[in-house]
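Keep in mind it's a predicted model, so treat the numbers as computed, not measured. Just so you know, these numbers use all the heavy atoms, side chains as well, and skip hydrogens, waters and symmetry mates.
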Amino acid sequence: MEQSGDLDSEVSDPGQWARAVDQPGFQDNVSAHNVLSLMLRAQIPEVSIHLDRSGDSADRPYLLLVISSLSVELAQLRYGPAAQLTLSGLRLVDKLHSTNGGEYLELISTAQQRQLVSVLYRKVSPSCPEFSTVFHSVEQSLVMDIGTINVLFHRGAVLTLVKFLQYAGERLPSKALSVAVPSAAAAAPVAAPVPALTPAPAADGPPTPAGATRFSGSLRLQEVVARLCDTDSDFVEVKVTGAEVDGQLKANDKMILKASLSEFTMEDTSETTLYSKIISMEDDKLLELNVSLMTGGRSPLDTDQPVKPQGSVRLRVGRLHVLLLHKVVAEMQSFLAPFVAAELGGWAARQAERRLADGVAGVHRQAPTLSLSVQLHAPLLVIPAHSRSRETLLVNLGDLSVENLIKLKESPSRHVIDNIMIRLRDMQISRAMLSMSGDLEIIDPILAPTELRVDVQRAVSPAPAAVLPLSVSASLEMLHLDVAQSDVTLVYSVMSENLAEGRFSELLLSPPAEEGWRTFSPELAGPAAAGAPAVDELVSERLQVFLSGQARPETSVSVALDGAAIVLYEDGGAQAAESSSPARDEAHALLRCEVGEARLELEQYSDRSLSARATLHQLTLADARPDSPAAVKRCGRGGVKMMGDR
């Protein structure tokens, strides 16, 4: 399948450049001129590998690996080689552990399929006459198809397997070194060179034509079903369906990547739970990612068209419903604790902080100009009061869209500005009830849908010193919150009972310390601030830059809130609390709080200093009771300003 060589056409029509890569079959390797010179084929009906575990008294059967219908085909054609590997079944059986019925554990199993795994590789020289017709201008192609795989993640069995592999990895190299004899290599006769069956190509080979594909790769995964279980029974099932990854590397240093995922779900398989769906999908498809990138890395000012993007990123993400129940989170954390190093949390936090700092600094340096198109449906969070309660808090994180526009500026000198527009719409919080059919029904909205707008201006390097490298302007629409006594009670239950269940589960399920998975990376156990400069050195550097007058603003952030209106209600009795009304009853209003426009401005300078300014125009409290006996029903405050430097 031929890919368009013009980046403009790819940006305007993603279907042209993001189409799937060419996936030939093994019979498609032969053409009129690319004839077969040599072919080897091996077929094995079944391969069984038995591993025993040594003990003090005797060896015990441990692992059984069974591969069904293994087929390998190797071919040498006139203009390149080809290879294919297929197998129809795979089983990994643990004979040390057993189920409640006394059967062996099948850690990996597959259903009866014609082809479980199929791997195809071929290489065709560009000098082949049918290179652009039969082989679609693809020099190297790698295609892998994987069918349905069932995985049983038994905690004790997998932990034993990890320790067994660690022990084997430590012992096998030492055994190999002890068996090796240095003199044997010197005494061995030198083998005579074997004549080549086909003429060897030139050292460099023919050049790849412009617009052709140097390498094309494709991965297809039909379905993976993983069941997490402990000694008693399964408690979580994870399903991944329809994973696809396609990639191409063009002859003009262009890289194309396409990835998609149809389904990702996680379910609680226990029979006593009210909330069986831990992660579920709302849309038909979860993920679609298309990336096109020029790998040359030139500055936009060095090209004929500075405003032409050097690549394109298109992302579509469907909405997920995510259950936030601390009991489930604690059980998952306790289940995975033996497989995660104790130092991994601190190491990951330090790495994330370092990557964030490098990313912000990288914005000021050379970076490619990309055409962005992101449509992301943020997750819907389901937060129950506790595991036995049907009352939940629904937090809709909204719909995120990201687009950008590249502009060329001539003042103060010629430079390129990347304008990124971020919109987060329909953020909402509601109180809901789980029905007997398992559906969530909204009782009352708490936060009305609102929108966040963020505009980012990034100066693409190289840029004049007078141009601000990064400017961020954010604006949040008017917030309308209607809070009743039942809402406060629900939030209090979430903060107390929901979290308390997780702490109780941690005490019951926390594994002993000796079951931990040993850490191999010494970096994980390193100090948090290894190699970091002392505080006195940082202060001295900042003071020197300040006295020299070289400090200049590098980042400017402005956050504005249009305002907020908060109304507190009483429930109005048991009947009103249980009723499903689309809006609150003004007859039960207690207090109204109105916040005027608020603004926060931050500036970071080249010497790492920071200045901040906060402004609040108005704050008003009013008694909203219809028959209030209070003499003063309204009080307010004018504008407030705060400034600070660090």
Side-chain angles (χ1 to χ4, degrees), residues 20-21 23-26 43-49 63-73 83-95 97 99 101 103-121 141-155 157-158 161 217-230 233-247 258-270 276-289 318 320-321 332 335-336 339:
V21 299
Q23 299 184 35
F26 193 72
Q43 292 184 344
I44 305 176
E46 184 176 279
V47 177
S48 299
I49 301 177
L63 290 178
L64 171 62
L65 177 63
V66 180
I67 301 175
S68 303
S69 300
L70 177 63
S71 175
V72 180
E73 294 176 312
Q84 184 175 18
L85 181 145
T86 60
L87 59 93
S88 61
L90 179 66
R91 293 175 60 214
L92 180 61
V93 182
D94 186 343
K95 295 186 176 182
H97 301 81
T99 62
E103 300 177 351
Y104 292 142
L105 292 180
E106 291 193 1
L107 302 182
I108 299 177
S109 61
T110 58
Q112 294 295 331
Q113 307 174 57
R114 187 175 62 89
Q115 285 186 353
L116 171 65
V117 179
S118 175
V119 181
L120 173 63
Y121 171 80
S141 176
L142 178 63
V143 179
M144 177 181 292
D145 291 328
I146 303 176
T148 301
I149 300 178
N150 300 317
V151 179
L152 179 62
F153 199 94
H154 187 275
R155 185 168 177 264
V158 175
L161 178 61
S218 177
L219 173 63
R220 297 288 187 273
L221 176 61
Q222 182 176 350
E223 186 180 57
V224 173
V225 180
R227 294 181 295 122
L228 279 63
C229 66
D230 209 335
S233 60
D234 305 348
F235 70 95
V236 170
E237 181 179 278
V238 182
K239 182 184 293 184
V240 178
T241 305
E244 301 179 1
V245 179
D246 300 327
K258 177 183 177 182
S260 64
L261 181 61
S262 298
E263 182 182 0
F264 175 74
T265 59
M266 180 182 296
E267 294 188 4
D268 189 346
T269 57
S270 59
S276 59
K277 297 180 180 180
I278 302 175
I279 298 178
S280 59
M281 291 182 52
E282 180 178 308
D283 301 323
D284 296 335
K285 202 164 190 177
L286 178 59
L287 173 67
E288 288 184 357
L289 173 64
L320 289 175
H321 292 195
M332 291 291 296
F335 182 85
L336 299 175
F339 310 100

Do [X] and [Y] make a side-chain contact, defined as non-hydrogen atoms from C-beta onward lying under 4.5 Å apart?
{"X": "Thr86", "Y": "Leu120", "answer": "no"}
{"X": "Leu152", "Y": "Leu105", "answer": "yes"}
{"X": "Arg220", "Y": "Asp246", "answer": "yes"}
{"X": "Phe235", "Y": "Met332", "answer": "yes"}
{"X": "Leu65", "Y": "Leu90", "answer": "yes"}
{"X": "Leu63", "Y": "Val93", "answer": "no"}
{"X": "Met266", "Y": "Val236", "answer": "yes"}
{"X": "Val238", "Y": "Thr265", "answer": "no"}

Rounded distance (nearest 0.5 Å) linking atom [atom1] of [X] with atom [atom2] of [Y]:
{"X": "Lys285", "Y": "Thr241", "atom1": "NZ", "atom2": "OG1", "result": "12.5 Å"}
{"X": "Leu64", "Y": "Tyr104", "atom1": "CG", "atom2": "OH", "result": "9.5 Å"}
{"X": "Lys258", "Y": "Ser218", "atom1": "NZ", "atom2": "OG", "result": "9.5 Å"}
{"X": "Leu107", "Y": "Asn150", "atom1": "CG", "atom2": "CG", "result": "12.0 Å"}
{"X": "Gln115", "Y": "Ser69", "atom1": "CD", "atom2": "OG", "result": "10.5 Å"}
{"X": "Leu116", "Y": "Ile67", "atom1": "CG", "atom2": "CD1", "result": "10.0 Å"}

Which heavy-atom pair separates [X] from [Y] by the least distance, and what is that distance?
{"X": "Ser48", "Y": "Val66", "answer": "OG-CG2, 4.1 Å"}
{"X": "Ser88", "Y": "Thr110", "answer": "O-OG1, 4.5 Å"}
{"X": "Met281", "Y": "Ser262", "answer": "CE-O, 3.2 Å"}
{"X": "Leu221", "Y": "Gly147", "answer": "CD1-O, 3.9 Å"}
{"X": "Phe264", "Y": "Leu286", "answer": "CB-CD2, 3.6 Å"}

Applying side chain to side chain contact (heavy atoms under 4.5 Å, CB included), can you list everything that pairs with Lys277, at least two apart in sequence or on another chain?
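Per chain and number, Lys277 pairs via side chain to side chain contact (heavy atoms under 4.5 Å, CB included) with Ser280.
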Can you name the residues that form a side chain to side chain contact (heavy atoms under 4.5 Å, CB included) with Val158, not counting sequence neighbours?
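Per chain and number, Val158 pairs via side chain to side chain contact (heavy atoms under 4.5 Å, CB included) with Phe153, Val162, Phe339.
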Working for side chain to side chain contact (heavy atoms under 4.5 Å, CB included), residues Ile146 and Met144
CA-CA 7 Å; Ile146 303 176; Met144 177 181 292; 4.0 Å; yes
Would you please test Cys229 and Arg155 for side chain to side chain contact (heavy atoms under 4.5 Å, CB included) and show each step?
CA-CA 6 Å; Cys229 66; Arg155 185 168 177 264; over 6 Å; no
Consider only side-chain N and O atoms of Ser276 and Asp268, and report whether a donor and an acceptor are under 3.5 Å apart.
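No pair is found: no donor N or O on one side chain lies under 3.5 Å from an acceptor on the other.
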According to ring pair (Phe, Tyr, Trp, His ring centres under 6.0 Å), who are the partners of His97, at least two apart in sequence or on a separate chain?
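Ring pair (Phe, Tyr, Trp, His ring centres under 6.0 Å) check on His97 returns His154.
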Looking at Lys239 and Glu263, is there a salt bridge between them, counting it only when a charged N and a carboxylate O are closer than 4.0 Å?
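A salt bridge is absent here (no side-chain N lies under 4.0 Å from a carboxylate O).
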Exactly one of Arg227, Lys95, Arg91 should register a salt bridge (Lys or Arg N to Asp or Glu O under 4.0 Å) with Glu106. Which one does?
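Exactly one candidate clears the test, Arg91.
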